[in-house]
Amino acid sequence: MNDITMRTVADKYIKLALEEDISSEDVSTNAVMPVYKKASAQLICKEDGILAGLCVFERVFHLLDPLTQIIFYAEDGCRAVKGSKIADITGDARVLLSGERTALNYLQRMSGIATYTASVAALFKGSRTKLLDTRKTTPCMRIFEKYAVRVGGGFNHRYNLSDGVLIKDNHIGAAGSVSAVVAAARKYAPFVRKIEIETENMEMVKEAVRAGADIIMLDNMPAEEMKKAVDFIAGRAETECSGNITRENIEKILSVGVDYISSGALTHSAPILDLSLKNLHIL
């Protein structure tokens, strides 16, 4: 996530998160710290994991006060160990106190996703199959969560509904058939867009191939049926499997030989990484 992305896209979400936490004032902080006092604190990792979102953590404090100084001893993608110091933060004590929870919420969530993704991505070593995320993200957190997936070694599927054509079961129901919905998408979508369609059985797979779909998703199929589908498609379309994909069952699915495996669990089921802002003292 570069500075342009931060200021043009991410800032509005960070500001909303700060507004959510400080609707009018931080009563606790203003009661004990009514005037400016310079203070410092330390960002500590409380369990092993992959860091992601340090730039967002920093941005929270800079939006509250651009003069806040943060020295990082790690960067996104680094593996942190329990007890390690990740950063020193110096600035207005009121800013450190008021921004702490929002900054940590982002960093813990993003680092948790990166850590979980890395554990899944490790199973793909030596495979040509790519690990993808999905749109199953926390509302208003997608830009942060999808970034964390990349930090953890995964790849991003489409960002949103404007980003690509993915025809699902209800689209097929609305259009009447696989052939009809692919034809409609081909007619409407710009020629640079690939057409991906979700299939649930071999009959749908065969119809998708005949219709000329570019990517065929094998949704919630048993591994044995997925293998038959991949063999039938035989390179005439790219293949993706999806549906209840977790770290526990992914190795069996890898043996099928699909081009992509997408997993909503990367974003919706990753636990946070425990980090803490500690040792605040007045300078």
Side-chain angles (χ1 to χ4, degrees), residues 1 45-54 74-82 84 107-138 141-159 164 166 194 196 198-200 205 215-235 237-275:
M1 193 180 301
C45 189
K46 299 176 72 176
E47 60 179 320
D48 296 353
I50 305 295
L51 296 173
L54 293 173
E75 59 186 20
D76 284 358
C78 286
R79 180 171 291 278
V81 298
K82 181 178 179 179
S84 59
L107 187 59
Q108 289 180 313
R109 177 74 181 136
M110 294 172 71
S111 296
I113 289 171
T115 300
Y116 181 78
T117 299
S119 71
V120 178
L123 302 174
F124 284 66
K125 188 175 182 179
S127 169
R128 67 174 182 82
T129 304
K130 287 186 175 181
L131 173 65
L132 307 178
D133 58 18
T134 71
R135 284 171 43 247
K136 294 177 182 178
T137 54
T138 309
M141 280 288 291
R142 184 169 296 168
I143 187 173
F144 308 108
E145 294 180 349
K146 280 184 169 282
Y147 169 79
V149 167
R150 296 199 307 273
V151 171
F155 295 85
N156 294 149
H157 206 292
R158 60 178 181 161
Y159 178 73
L166 175 49
K194 289 185 176 181
E196 179 172 8
E198 180 182 277
T199 61
E200 299 174 353
V205 169
I215 307 170
I216 298 175
M217 179 190 290
L218 313 174
D219 185 52
N220 280 299
M221 288 187 188
E224 297 75 15
E225 189 171 8
M226 278 195 285
K227 182 68 170 69
K228 292 178 182 177
V230 170
D231 290 343
F232 175 81
I233 294 166
E238 294 181 282
T239 55
E240 175 187 341
C241 77
S242 185
N244 298 311
I245 308 295
T246 66
R247 183 170 51 198
E248 290 68 33
N249 64 15
I250 214 160
E251 286 188 274
K252 183 177 182 181
I253 297 169
L254 272 171
S255 65
V256 170
V258 292
D259 297 301
Y260 308 102
I261 293 177
S262 54
S263 174
L266 299 182
T267 50
H268 69 57
S269 294
I272 66 162
L273 185 70
D274 195 3
L275 298 118

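Heavy-atom basis, side chains included; hydrogens, waters and symmetry copies ignored.
Under the side chain to side chain donor-acceptor pair (under 3.5 Å) criterion, D259 pairs with R128, T239, not counting sequence neighbours. In this structure, E196 has no salt bridge (charged side-chain N to carboxylate O under 4.0 Å, His left out) partners at least two apart in sequence or on a different chain. Evaluation of the salt bridge (charged side-chain N to carboxylate O under 4.0 Å, His left out) rule for K194 yields E238 as partners, not counting sequence neighbours.
Here the side chain of E198 pairs no donor or acceptor atom with the backbone of M217 at under 3.5 angstrom. Proximity of a side-chain donor or acceptor of Q108 to a complementary backbone N or O of I272 within less than 3.5 Å is not detected. At distances below 3.5 Å, at least one donor-acceptor pair connects side-chain atoms of R109 with backbone N or O atoms of A270. Under a 3.5 Å cut-off, the side chain of T129 and the backbone N or O of L254 do not form any donor-acceptor pair. Side-chain atoms of T117 never come within 3.5 Å of backbone atoms of V149 as a donor-acceptor pair (strictly under, hydrogens ignored). Distance alone, capped at 3.5 Å, is enough to place a donor-acceptor pair between the D76 side chain and the G53 backbone. Using modelled atom types, one side-chain atom of N156 and one backbone atom of K146 make a donor-acceptor pair closer than 3.5 Å.
In this structure, CE in M226 is found 8.5 Å from OG in S255, a value given to the nearest 0.5 Å. Atoms CG and CG, on L51 and L107 in that order, are 6.5 Å from each other to the nearest 0.5 Å.
Contact record, T134 with S263: CG2-C, 3.7 Å, taken as the closest heavy-atom pair. For the pair L266 and I113, the tightest heavy-atom approach, listed with the atom from each and the gap, is O-CG2, 3.5 Å. Closest of all the heavy-atom pairs between A52 and V151 is CB-CG1, 3.9 Å. The shortest non-hydrogen separation linking K136 to T267 is O-OG1, 2.7 Å. The minimum heavy-atom distance linking C45 with L273 is given by the pair SG-CD2, 4.4 Å. When every heavy atom of A74 is checked against every heavy atom of L54, the shortest pair comes out as O-CD1, 3.6 Å.
Looking at L132, L123, I250 one by one, the single match for side chain to side chain contact (heavy atoms under 4.5 Å, CB included) with I261 turns out to be I250. When E240, K130, R135, H157 are each tested for a side-chain hydrogen bond (donor to acceptor under 3.5 Å, both in side chains) with S262, only one passes: E240.
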Walk me through whether K228 and V205 qualify under side-chain contact (heavy atoms from CB on, under 4.5 Å). CA-CA 10 Å; K228 292 178 182 177; V205 169; over 6 Å; no
Apply the test side-chain contact (heavy atoms from CB on, under 4.5 Å) to residues E145 and D133: give CA-CA distance (whole Å), side-chain angles for both, the deciding distance (0.1 Å), then the verdict. CA-CA 9 Å; E145 294 180 349; D133 58 18; over 6 Å; no
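Side-chain atoms of V230 and L218, non-hydrogen and from C-beta on, do get closer than 4.5 Å to each other.
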